[in-house]
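Quick notes on the structure that follows.
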Protein chains: 2
Amino acid sequence: MQLDLSVDRSSPVPLYFQLSQQLEAAIERGTLTPGSLLGNEIELAARLGLSRPTVRQAIQSLVDKGLLVRRRGVGTQVVHSQVKRPLELSSLYDDLEAAGQRPATRVLVNTVVPASPEVAAALGVAEGSDVHRVERLRLAHGEPMAYLINHLPPGLLDLDTAQLEATGLYRLMRAAGITLHSARQSIGARGATAAEAERLMEEQGAPLLTMQRTTFDDTGRAVEFGDHTYRPSRYSFEFQLLVRS
Amino acid sequence: MQLDLSVDRSSPVPLYFQLSQQLEAAIERGTLTPGSLLGNEIELAARLGLSRPTVRQAIQSLVDKGLLVRRRGVGTQVVHSQVKRPLELSSLYDDLEAAGQRPATRVLVNTVVPASPEVAAALGVAEGSDVHRVERLRLAHGEPMAYLINHLPPGLLDLDTAQLEATGLYRLMRAAGITLHSARQSIGARGATAAEAERLMEEQGAPLLTMQRTTFDDTGRAVEFGDHTYRPSRYSFEFQLLVRS
DNA sequence: GTAGTTCGATTGTCCGGACATACGCATTGA
DNA sequence: TCAATGCGTATGTCCGGACAATCGAACTAC
């Protein structure tokens, strides 16, 4: 069966976006089977009453997502593999919620402290100047899963403990109008210290998964510096990444 | 000082690519300072004798890389933060070499084995069918750094031990004409088993950083399944990621 | 039978233009 | 003084067309 595509020119949604969404839905649904050709752009454009650049823009966005592959002289094919999450900058909270785990958060510290040298360097503020410090214990199914320490520059966000327990830090930032842009991450492992072990209900020296992250907004400001420890039996970093070409 | 940009129309290199490379170089060099406006597209196009779509294509590619930010009604600005590696699918070998560590590889196993259930599922082959198995010890400065176990489907590549010791697996694949497309990764941690501990010169139960990865080519075939363990004192995963918008 | 050639198909690149939309700022009004 | 309005500017979207580059397959010649 042919795919029935259509665009609504009266909609404020861009035409290329309407098209790319329909194509993506068709791929997701299985109407467009992996490996199948998409049909050439010219004819597709004519069929929809669109110009070729518009159709190309729609297709290109799906190529960037890794769903399609174009080959000159051949055509555009649906990629065969199962593409899922292309590693977006997501919060642990969102990850857990997406996995249907109904995460719980216990805010243990929410205060203002002088910046340590490490924090000051990461956030780009003066050493000893005031920064927010938040420590949270993230639980799933009543069991501790991760211990999250975050530092934020002052005046960026008023951190309400109740809100922090109800949702993730990134959501609060986005809601406050902060446009997240990029983050530098470092993932490692180490043995748990006595304090860490107690917080996560592990034994001292037990292997922990660690992640340090500095997040920047689109003006280049550091908006968050996180130092997280995860129980490896409960959590691992899963993601899909694409080859930049 | 104004930026001196120019394009060579006789070159086979696409014009938009020439432009984006020059802009990227100028950002890298510091000629285009963070936060500075890039000047509007129309005028830039006129100055270079290019059309606006071509200039837009060049700028867009840098936006996708996270180097620029566009704001409607405002202009295009250079991002202020230090963007480095947007997490490409790279081999450990390339990573180490880029860090100037002159990695050494010792191939311990290079043979054909029947596929275990886990390997068969990852590679999409029948359980018990022949697959290549490679075990390598990666060293830096004479010290073991990671233990790499890889399985490959048969007939894809003839794995020469000498070549494996001289370069990375991904390079061999690319050289064999395989177009890498995407990979699913899982990063975790666990205590070292007795065998792992001995291989990496650690003690039993010492925390190890682990990574499992299945790599796909652009036809969706699984071309590699890797099960790696790293010494966390010697290695951690460092990368930068962008917010998909 | 095999190697080289030609040719159709399809995407890649590029152009010049048009109108829409959103942001920042100055002006205007209460 | 402060909020609402209007305007200039820049990017966002879209069009229709042209030619080049590349791939695969059919065809041809040896």
Side-chain angles (χ1 to χ4, degrees), chain A residues 5-23 35-64 67-79 177-179 217-219 245, chain B residues 5-23 32 35-64 67-79 177-179 181 217-219 245:
Chain A
L5 297 166
S6 62
V7 291
D8 175 11
R9 301 194 88 93
S10 67
S11 163
V13 177
L15 300 177
Y16 77 90
F17 193 75
Q18 292 183 35
L19 178 54
S20 70
Q21 278 196 322
Q22 289 182 39
L23 289 174
S36 65
L37 273 306
L38 196 56
N40 73 45
E41 303 169 350
I42 312 274
E43 196 244 338
L44 187 56
R47 187 145 62 92
L48 289 167
L50 296 173
S51 70
R52 190 178 162 219
T54 302
V55 173
R56 276 183 68 78
Q57 193 173 359
I59 292 176
Q60 188 59 47
S61 72
L62 297 182
V63 172
D64 291 340
L67 294 171
L68 298 177
V69 176
R70 316 174 86 147
R71 259 188 258 263
R72 193 187 296 202
V74 179
T76 306
Q77 299 182 45
V78 180
V79 166
I178 298 171
T179 308
D217 73 357
D218 58 0
T219 69
S245 53
Chain B
L5 298 166
S6 62
V7 291
D8 175 11
R9 299 194 88 95
S10 66
S11 162
V13 177
L15 300 178
Y16 78 90
F17 193 74
Q18 292 183 37
L19 177 54
S20 70
Q21 277 197 321
Q22 288 181 39
L23 290 174
L32 280 174
S36 64
L37 273 304
L38 196 57
N40 72 44
E41 304 169 350
I42 312 274
E43 197 244 338
L44 187 56
R47 188 145 63 89
L48 288 168
L50 297 173
S51 71
R52 190 178 162 218
T54 303
V55 172
R56 277 183 67 79
Q57 194 173 358
I59 292 176
Q60 187 59 47
S61 72
L62 296 182
V63 171
D64 291 340
L67 294 171
L68 297 177
V69 176
R70 315 174 86 146
R71 260 186 257 263
R72 196 188 298 207
V74 178
T76 305
Q77 299 183 45
V78 180
V79 166
I178 298 171
T179 308
H181 177 262
D217 72 358
D218 58 0
T219 69
S245 53

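Every chain is numbered from 1, with letters handed out A, B, ... down the list of sequences.
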Task: N or O in side chain of Tyr16(A) less than 4.0 angstrom from dC14(D) OP1/OP2 - done: no

Task: Side chain of Arg9(B) - closest among dG12(D), dC14(C), dG16(D) - done: dC14(C)

TODO: Using modelled atom types only, decide if a donor and an acceptor are shared between the side chain of Glu41(B) and the backbone of Val55(B) within a distance under 3.5 Å.
DONE: no

Task: Exercise: identify the closest heavy-atom pair between Gln18(A) and Val13(A) - done: NE2-O, 2.9 Å

- [ ] Could you check which of dG16(D), dT13(D), dT13(C) has an atom nearest any side-chain atom of Gln57(B)?
- [x] dT13(C)

Open item on the list: For a quick test of reading the model: is some side-chain N or O of Arg56(A) closer than 4.0 Å to OP1 or OP2 of dG16(D)?
Closed with: no

Task: Distance below 4.0 Å between Arg52(B) side-chain N/O and dG17(C) OP1 or OP2 - done: no

Open item on the list: Counting only side-chain nitrogens and oxygens, does Thr54(B) get under 4.0 Å of the OP1 or OP2 atom of dT13(C)?
Closed with: no

Open item on the list: Please compare Val55(A) and Val74(A) by the position of their nearest nucleotide in DNA chain D and report the one closer to 5'.
Closed with: Val55(A)

Open item on the list: Side chain of Arg72(B), heavy atoms from C-beta onward: which of dT21(C), dC14(D), dC15(C) has the nearest atom to it?
Closed with: dT21(C)

Task: Spacing between Ile42(B) atom CD1 and dT13(D) atom P, to the nearest angstrom - done: 15 Å

TODO: Applying side-chain contact (heavy atoms from CB on, under 4.5 Å) between Arg70(A) and each of Val63(A), Leu62(A), Leu38(A), report the one that passes.
DONE: Val63(A)

TODO: Look at Arg70(A) and dG12(C) and indicate whether a side-chain polar atom (N or O) is within less than 4.0 Å of OP1 or OP2.
DONE: yes

